[in-house]
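Here the structure comes first, spelled out in structure tokens, and everything after it is commentary.
All values below come from the heavy atoms of this structure, side chains included, with hydrogens, waters and symmetry mates left out. In what follows, residues are counted from 1 in the order of the sequence shown.
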Amino acid sequence: MEHGHHTAHTMDHSKMDHSKMDHSMHDMNGMGMEHRDHHAMMVEDFKKRFWISLIITIPVLLLSAMIQSFFGFSLSFAGDKYVLFILSSIIFIYGGLPFLQGLVSEVKAKNPGMMTLIAMAISVAYLYSSATVVGLKGMDFFWELATLIDIMLVGHWIEMRSVLGASKALEMLVSLMPQVAHVDHGDHFMDMKLETLKPGDVILVKPGEKVPADGVVIEGESYLNESMLTGESKPVKKEVGAKVVGGALNGNGAIKVQVKHTGKDSYLSKVIKMVEDAQAAKSKMQNLSDSAAKCLTYIALSIGFGTLAIWLMLGFPFVFALERMVTVMVISCPHALGVAIPLVVAISTTMSARHGLLIRNRTAFEESRKITAIVFDKTGTLTKGEFGVSRIETLSQNFSSDVILRVAAALEQNSEHPIGMGILKKAQEKKLEIPKSDNFKAITGQGVEANIEGKEIKVVSPGYLKDKNISVSENNSTSEAETIVFVLIANELAGFIALADEIRPESAEAIQKFKEIGIKVYMATGDNEKVAKAVSDSLHLDGYYAQVLPDKKVEIVKDLQAKGEFVAMTGDGINDAPALAQADVGIAVGSGTDIAEETADIILVNSNPQDILNLILFGKATYKKMIQNIAWATGYNAITIPLAAGILYSTGFVLSPAVGAVLMSLSTVIVAVNAKLLRMK
């Protein structure tokens, strides 16, 4: 088991440097497991070194003069000091090896840190104690050395286990992919490994199985659970033509899927790559904790040697001065500082990914707490981006609204047009029986007609009525935010159906909460003034911009920034790219499986404005955890380093190196536990 570099920078594991991973699905599963196995091996290695060292520590304690006098017993025989020396040497070499290798790595990298301090402390203690065996006057340090190494080993073991826990969420993403796919070979299906799949292959996904690759449903229908990928808790209905994402869990229907993306082009691979990149990327907070840890190392080395010199100058015995120096070095290990940020990063990025928030830029995520104004793209974010029936009005006593909806749906049942689909959806919601239509014809640019149950039915635009001089009374005039289609039954004007791009039910609640936390909400849309005003009034926005072309959205962001706002822009990531880049925080929404947006800092898999609110709240919670951890780690050192140096010696209070090691380990565990308390609200 080679330790060197790995142990020297234990926390590099928490950043989970998977950057060398090849993300073909095969390698992704393999290398994810390999990384985890390597990490698990290191945890096991520290555990083994700890138990063996602990067992050897028992005779070391029994043979130590100080322990004997403390507990009032005597145990001595010819050559006992040599036995003590040999046992202590085994602990120093076997138990202390990871720290000594870490020292070499840190010195080579010109980056002295935690391992340098631990290795110097145990080496000084060991060399001085060994010198007393061969004749130097003074007391040996062997029992302190043994207990110090034991505590350092158990501290590392516990810390690495918590780091391993932080990387589990990413492993869960990797493990979402099944091992095999049932590939269509004409007259039969054949089980093939995932890495052999190619775009264009047709695969069968049986009930209860995971989808092996991104693709499009070409046969069958089912409900898919995509919660691990998108954060969407409800199963999503998938029928012919619907996109499916590799890793989603199929419900109770069998579906045939044509593969579109495999390996590193798949949605899941991109998510995993993005999570890894975000965890590896250094933000301002990370740089702050890194430089604080480095400063602490230099401070500890200076104070350590200074402590030794001062106690010697004050006339104290060398063994006492040495013990103070060793305690300072042990207690001031910048371990807690080293763990403070990376653990929070590892946990927050993987938790975010599991809730459909993909972080590309860590600094932007941490700065989302500063947002004072948000500019929303309207369609698909504040609204559903699809036409829904807003009202049905009858214009003749002969027909009810249900009859009007039923015949319109019958006429539109083969339509791909958003209006037709909106009418059909409403009829299905109301569970109306939809009859068949005959002699279906399009009326060029003005609507459609057909025979239904022996009657001639037309669904037409207002322009058709105008051309045919059919008048509609004024009080039935419509809102500008609506699109109207009129229904004629046997040439009699039966009524009209009004459709609008429905406002999402979550939008109003999210905007209310934005205002409660002091964030102004604006909307930029390509729609006309009246549609924009209707949506803005309905949602009580702080302002809106209508008939905005994508390139003009940049100007809106710049204007708000000029007024001193910290601006977040939300858009679909493609035509909004310049504005997303200009904003302080760019959020691409509703990108679904197309997550390779280059300009957005954060990508939301769903288009729900509530997710943006969650993002800001989670960003605040994450930042708070980082500040708490840094405050704890630095505050702990500010108090314990003077105690270790012996500032309270006159009161009779002196910290031993072993107690110092316990405090150091405890501090690291507290920081790790605090990071784990980060929960997505």
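Side chains of Gln582 and Lys553 form no contact here, defined as non-hydrogen atoms less than 4.5 Å apart. For the pair Ile371 and Val567, the minimum side-chain heavy-atom distance is 4.5 Å or more. Counting only heavy atoms from C-beta outward, the side chains of Met192 and Pro212 never approach each other to under 4.5 Å. Residues Ile511 and His540 fail the side-chain proximity criterion, which asks for heavy atoms closer than 4.5 Å. For the pair Phe376 and Thr570, the minimum side-chain heavy-atom distance is below 4.5 Å. Tyr522 places none of its side-chain heavy atoms less than 4.5 Å from the side chain of Ile556. In this structure, the side chains of Asp542 and Lys515 come closer than 4.5 Å at one or more pairs of heavy atoms. Glu209 has its side chain out of reach of Pro178: every pair of non-hydrogen atoms, C-beta onward, lies at least 4.5 Å apart.
Between Lys426 atom NZ and Glu412 atom CD the span is 16.0 Å, to the nearest 0.5 Å. Atom CD of Glu529 and atom OG of Ser536 lie 9.5 Å apart (nearest 0.5 Å). One distance of note links CD1 of Ile603 with OG of Ser352; it measures 12.5 Å at 0.5 Å rounding. Rounding to the nearest 0.5 angstrom, the gap separating the CG atom in Asp201 from the CG atom in Asp184 is 9.5 Å. Atoms CD1 and CD1, from Ile616 and Ile517 in turn, are 5.5 Å apart once rounded to the nearest 0.5 Å. Here NZ of Lys468 is found 9.5 Å from CG of Asn491. Values are rounded to the nearest 0.5 Å.
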Could you go step by step and tell me if Gln512 and Glu509 meet the side-chain contact (heavy atoms from CB on, under 4.5 Å) rule? CA-CA 5 Å; Gln512 178 62 34; Glu509 191 188 340; 5.6 Å; no

Applying side-chain contact (heavy atoms from CB on, under 4.5 Å), run through Leu411 and Phe440 and close with a yes or a no. CA-CA 8 Å; Leu411 204 57; Phe440 179 89; 4.3 Å; yes

Any chance you could lay out the side-chain contact (heavy atoms from CB on, under 4.5 Å) test for Asp601 and Phe365, step after step, and finish with the verdict? CA-CA 8 Å; Asp601 301 308; Phe365 171 60; over 6 Å; no

Does Val211 form a side-chain contact (heavy atoms from CB on, under 4.5 Å) with Val245? I'd like the steps, not just the answer. CA-CA 7 Å; Val211 178; Val245 178; over 6 Å; no

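Ile452 approaches Val407 most closely through the heavy-atom pair CD1-O, 3.6 Å. Between Phe496 and Leu395, the closest heavy-atom pair is CD2-CD1, 4.0 Å. Contact detail for Ser390 and Ala500: the closest heavy-atom pair is OG-N, 4.1 Å. Across all non-hydrogen atoms, the minimal contact from Thr394 to Ser401 is CG2-N, 3.5 Å. Between Gly220 and Ile255, the closest heavy-atom pair is C-CG2, 3.8 Å. Across every non-hydrogen atom of Ala524 and Val375, the tightest pair is CB-CG1, 4.0 Å.
Side-chain N/O atoms of Tyr623 and Glu367 include no donor and acceptor closer than 3.5 Å.
Put simply, the side chain of Asn250 gets close to the backbone of Gly253: a donor and an acceptor are under 3.5 Å apart. In terms of modelled atom types and a separation under 3.5 Å, the side chain of Glu449 and the main chain of Val460 share no donor-acceptor contact. Between the side chain of Gln413 and the backbone N or O of Ala410, at least one donor-acceptor pair lies under 3.5 Å.
Applying the 6.0 Å contact sphere to CG of Asp438 captures more than 12 heavy atoms from other residues, nucleotides or ligands.
The pair Lys370-Asp584 fails the salt-bridge criterion, with no side-chain N (NZ, NE, NH1 or NH2) lying under 4.0 Å from an Asp/Glu carboxylate O.
Here Glu565 pairs with Lys520 under the salt bridge (charged side-chain N to carboxylate O under 4.0 Å, His left out) rule; sequence neighbours left out.
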